[in-house]
> 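Here's a structure for you.
These numbers were taken from a predicted model, which means no experiment stands behind them. We're numbering straight along the sequence, starting at 1.
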Amino acid sequence: MRIAVCIKQVPAVSALQFDPVAKTIRREGVRSEVSAFDVRALLKAVELRAVHGGEVTVVTMGPPPAREALLECLALGADRGVLVSDRAFAGADTLATARVLAAVLRREAVDLILCGRNSVDAETGQVGPQLAELLDLPQVTIARTLAVDLAARTCTAERETDDGIEVVMAPLPAVVTAAEDLAAERFTSSAERAAAQAKPIAVLTAADLDLAPARVGAAGSPTWVLGLEAVEEHRRREIIEAPTPQAQVELLVERLLAHGLFGAWTVERPQPQRPAAPHVVARSGGRDVLVVAETLAGALRPVTFELLHKATALAAALRGRVDALIAGAGAAAHVDALAAHGAARVLLAADDAPLAGPESFAALLAGVITSERPGLVVLPATVFGRDVAPRVAARLGLGLTGECVDLSLDADGRVLQHKPAFGGSVVALIASRTQPEMATVRPGMLARGAPRSGRTAEVVCLAPRAVHERVRVLERRTTCAAAAELEEAAVVVGFGKGIGGPAHLPQVQALADALGGALCTTRDVTDAGWLPKQCQVGITGRAIAPQLYVAVALRGAFEHTAGVRRSGIIVAVNRSAKAPIFKCADYGLVGDWAVLVPLLTARLREVRP
């Protein structure tokens, strides 16, 4: 069995610093490492080789020092490495990168391609699906298990969804992206590192791959970074001191009520600097905004309304129209809601069953873009959006910015896409050279406008052409129904292993219930199986931006706090006054969580309207 693993060398994100004057990331002295999800992909490849035999090839694109990343992978068990290195590749975005990797992989004739679900620096999960599209292969994203049947030429995986698990089967060859628990973490020995020095590493250039300069590097990238802005965090860092735990709780609740708890919040979530919004702008090309709607369990997801509200403002400045695309069983029932939230036209692809997967929906969306020629296309940055948008962008050669937290316009009518990177410590302003511009937007980042009763929309019925979906869903399991709404929650309570064990979860849940909020946790808790992976927040989990985040008995490692840094108010409850969580909190309660949390829960129940 021949397996290729695509990896990326990234800086240690927690050690990076932003230079506010130069507006650049300081990388000097920061160690580099293989992106964490890529390591899990490689380790799974090594496990599969042990079962089926064959060869594992690890591939990376980068400057000559990226050879060190390949050596690390060879030490972990890969058989050989391929370094694709050429000055012509510098400045590549995800699509230009995928083109280079696809050119390498076409030469390899592999049975399976593995990638990480996303890189931990740019936090982009686009290369895997773009590779699948360029190579015309099925894709399975966020796989937490993976088995191969060589005789049947299939692979079977459990993949994470927004609310649970799908068990899927795909024919080989296929592209699979790795979740964090696809393989057990391990570290290399000195003997393995020494042995890696003798393993072969091939170096390929643009000429070796017969790639035209206009298709790679900065020249071949449809998106580019206009600049970086720091996300300024001005936390109060107030430790609430009082003679008794009850008094501590009283003071905290007073402060939260003053900030609008149970009413209208008076504290804004941290935002990067933004250009002033133009009233009306000149723009060449498309002016209409296409919003791709998403449903879950038969209902429109709240992020759809957020996208429509933003699209309405952008379309007004562009003097364009807002269209909404919705497909699948029961789609017609949502026309009125889409119209009430701003859609002037609803493109309706109703069917007796939901569109089967990313390949069929990508074909539908690509056809709509080609025929309707919108100026901007926005999708939710959900499992669905992350699967579909990169395939469409690769198919049509369009620029795509994923995981945006905002969209704005400059004076020339160019859409500026605000994308967090490096654990959310900076936001990149990204623009596109192609039209339509494409973006996925994280749920919960944008305001949701109030619906306007009486508003109607023109309905355009679509007849999607039949597309064979190569990935077959064998089973769907909902493991955490509330997890899908975590990203949109106004209040979230997080907890760590400091609560002692799953037997104490009801006390934390009671606090979340008293606040009317959702529950999240850290990686070590989900690794221990106390909560599903869908509830994990941090660099290797979700990013959330609630108005209020309450951290209970968690240390506050950067890997977790990076996922909550856009919260409006952060409250920390921890026994140790030296816990790092207090450095990024507005208010802190130092003491035994098992005493403070029940007192806080009781007091909140008393004051809640």
> Closer than 3.5 angstrom, by distance alone: can the side chain of Q126 be matched with the main-chain N or O of G402 as a donor-acceptor pair?
yes
> Would you please test D527 and K533 for salt bridge (Lys or Arg N to Asp or Glu O under 4.0 Å) and show each step?
CA-CA 8 Å; D527 283 348; K533 284 287 185 183; 2.7 Å; yes
> When rounded to the nearest 0.5 angstrom, what distance separates CZ in R345 from CG in L290?
9.0 Å
> How far does CG of L112 sit from CG of L146, to the nearest 0.5 angstrom?
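Going from CG on L112 over to CG on L146, the span is 6.0 Å.
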> With the side chain counted from C-beta on, respond yes when V405 and V441 share a heavy-atom pair under 4.5 Å apart, and no when they do not.
no
> More than 12 heavy atoms of other residues, nucleotides or ligands under 6.0 Å from CZ of R287: is that the case?
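Yes, CZ of R287 has more than 12 neighbouring heavy atoms, counting only those of other groups under 6.0 Å.
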> Starting from the C-alpha separation in whole Å, work towards a yes-or-no answer on side chain to side chain contact (heavy atoms under 4.5 Å, CB included) for V427 and L228.
CA-CA 6 Å; V427 169; L228 299 176; over 6 Å; no
> Does the side chain of L548 come within less than 4.5 Å of V492's, by heavy atoms?
no
> Ignoring hydrogens and geometry, is there a side-chain-to-backbone donor-acceptor pair from T60 to I7 under 3.5 Å?
yes
> So, does T382 use its side chain to make a donor-acceptor pair with the main chain of G385 at under 3.5 Å?
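Here the side-chain-to-backbone pair exists.
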> Would a 4.5 Å heavy-atom cut-off, applied to side chains only, mark Q509 and L519 as touching?
yes
> Could you tell me if the side chain of V377 sits less than 4.5 Å from the side chain of I369, heavy atoms only?
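Answer yes - side chains close enough.
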> Are E180 and R144 close enough for a salt bridge, meaning some N to O gap below 4.0 Å?
no
> Give me the atom names and distance for the closest heavy-atom approach of P443 to V303.
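Result for this residue pair: CA-CG2, 3.7 Å.
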> Got a salt bridge between D406 and K310, using NZ or NE/NH1/NH2 to carboxylate O under 4.0 Å?
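Yes, charged N to carboxylate O under 4.0 Å.
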> For R395, is there an ion pair with D136 - N to carboxylate O distance below 4.0 angstrom?
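Here D136 does not pair with R395 in a salt bridge, since their nearest N and O are not under 4.0 Å apart.
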> Is it true that T97 and K8 share a donor-acceptor pair across their side chains at a distance under 3.5 Å?
no
> Please evaluate residues C115 and L131 with respect to the criterion side chain to side chain contact (heavy atoms under 4.5 Å, CB included), reporting the C-alpha separation (whole Å), side-chain torsions for both, the decisive distance (0.1 Å), and the verdict.
CA-CA 10 Å; C115 312; L131 270 176; 4.1 Å; yes
> On a heavy-atom basis, which atom in Q534 and which in I165 lie closest, and how many Å separate them?
NE2-CD1, 4.3 Å
> Using a distance-only test with no angle check, is there a side-chain donor-acceptor pair under 3.5 angstrom linking Q417 and T401?
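Indeed, the side chains of Q417 and T401 share at least one donor-acceptor pair under 3.5 Å.
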> Report the C-alpha separation of F361 and V292 in whole Å, then their side-chain angles, then the decisive distance to 0.1 Å, and conclude whether the side chain to side chain contact (heavy atoms under 4.5 Å, CB included) test is met.
CA-CA 11 Å; F361 201 99; V292 179; 3.8 Å; yes
> Using the salt bridge (Lys or Arg N to Asp or Glu O under 4.0 Å) rule, take R386 and E403 through it: C-alpha gap first, then chi angles, then the decisive distance, then the call.
CA-CA 9 Å; R386 296 182 194 109; E403 306 292 325; 2.5 Å; yes
> Are more than 12 heavy atoms, taken from residues, nucleotides or ligands other than R215, located less than 6.0 Å from that residue's CZ atom?
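Check fails, neighbour count at 12 or below.
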> Side chains of P380 and L307: does their closest heavy-atom pair fall under 4.5 Å?
yes
> Within the 4.5 Å heavy-atom criterion, are E475 and E158 side-chain neighbours or not?
no
> Quick check: does any side chain N or O of T223 sit under 3.5 Å from a backbone N or O of A431, one acting as donor and the other as acceptor?
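Between the backbone of A431 and the side chain of T223 there is no qualifying donor-acceptor contact (under 3.5 Å).
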> How many angstroms lie between atom SG of C404 and atom CG of L379, to the nearest 0.5 angstrom?
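Those atoms lie 11.0 Å apart.
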> Are more than 12 heavy atoms, taken from residues, nucleotides or ligands other than R433, located less than 6.0 Å from that residue's CZ atom?
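More than 12 heavy atoms, drawn from other residues, nucleotides or ligands, come within 6.0 Å of this atom.
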> When you check the side-chain N and O atoms of T161 and E166, is any donor under 3.5 Å from an acceptor?
no
> Looking only at atom types and distance, does a side-chain atom of T521 sit under 3.5 Å from a main-chain N or O of F495, one as donor and one as acceptor?
yes
> Identify the heavy atoms of A96 and G220 that sit nearest to each other, and give their distance.
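Nearest pair, atom of A96 first, then G220: CB-O, 3.9 Å.
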> Okay, side chain of R40, backbone of L182: is any donor-acceptor separation there less than 3.5 Å?
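Side chain of R40 to backbone of L182: no pair is present.
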> Between L486 and A518, what is the shortest heavy-atom contact and its length?
CD1-CB, 3.7 Å
> One thing to verify: whether R159 and D387 come together as a salt bridge, which I'm taking to mean a side-chain N less than 4.0 angstrom from a carboxylate O.
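Answer for the salt bridge query: yes.
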> How long is the span from the SG atom in C535 to the CZ atom in R542, to the nearest 0.5 Å?
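C535 SG to R542 CZ: 7.5 Å, rounded to 0.5 Å.
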> Heavy atoms, side chains only, cut-off 4.5 Å: are S408 and H418 in contact?
yes
> Determine whether a donor-acceptor pair (N or O, by modelled atom type, separation under 3.5 Å) exists between the side chain of E469 and the backbone of E359.
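Yes, because the side chain of E469 sits within donor-acceptor range (under 3.5 Å) of the backbone of E359.
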> Which atoms form the tightest heavy-atom contact between S360 and G357, and what is the distance?
OG-O, 3.1 Å
> Take R477 and E160 through the test salt bridge (Lys or Arg N to Asp or Glu O under 4.0 Å) and record every step on the way to the result.
CA-CA 10 Å; R477 300 197 300 268; E160 296 177 9; over 6 Å; no
> Are R448 and F305 in a cation-pi contact, defined as NZ or CZ under 6.0 Å from the six-membered ring centre and within 45° of the axis?
no
> With rounding to the nearest 0.5 Å, note down the distance linking CD in E559 to CD in Q536.
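Between E559 CD and Q536 CD, I get 11.0 Å after rounding to 0.5 Å.
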> Using every non-hydrogen atom in the two residues, find where Q130 and A393 come nearest and quote the distance to one decimal.
NE2-CB, 4.2 Å
> Any side-chain heavy-atom pair from L325 and L462 closer than 4.5 angstrom?
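Yes; the side chains approach each other to less than 4.5 Å.
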> Under 3.5 Å, is there a donor-acceptor pair between the side chain of T434 and the main chain of L398?
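Pair absent, no side-chain N/O of T434 close to backbone of L398.
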> Could you tell me whether the side chains of Q139 and R391 share a donor-acceptor contact shorter than 3.5 Å?
yes
> How long is the gap from CG on D323 to CZ on R321, to the nearest 0.5 Å?
4.5 Å
> Will you find, in the side chains of H334 and T295, an N or O donor that is under 3.5 Å from an N or O acceptor?
no
> Is the backbone of I142 close enough, under 3.5 Å, to the side chain of T177 for a donor and an acceptor to pair up by distance?
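Yes, because the side chain of T177 sits within donor-acceptor range (under 3.5 Å) of the backbone of I142.
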> Can a donor-acceptor pair be found, under 3.5 Å and without considering hydrogens, that links the side chain of D149 to the backbone of R153?
no
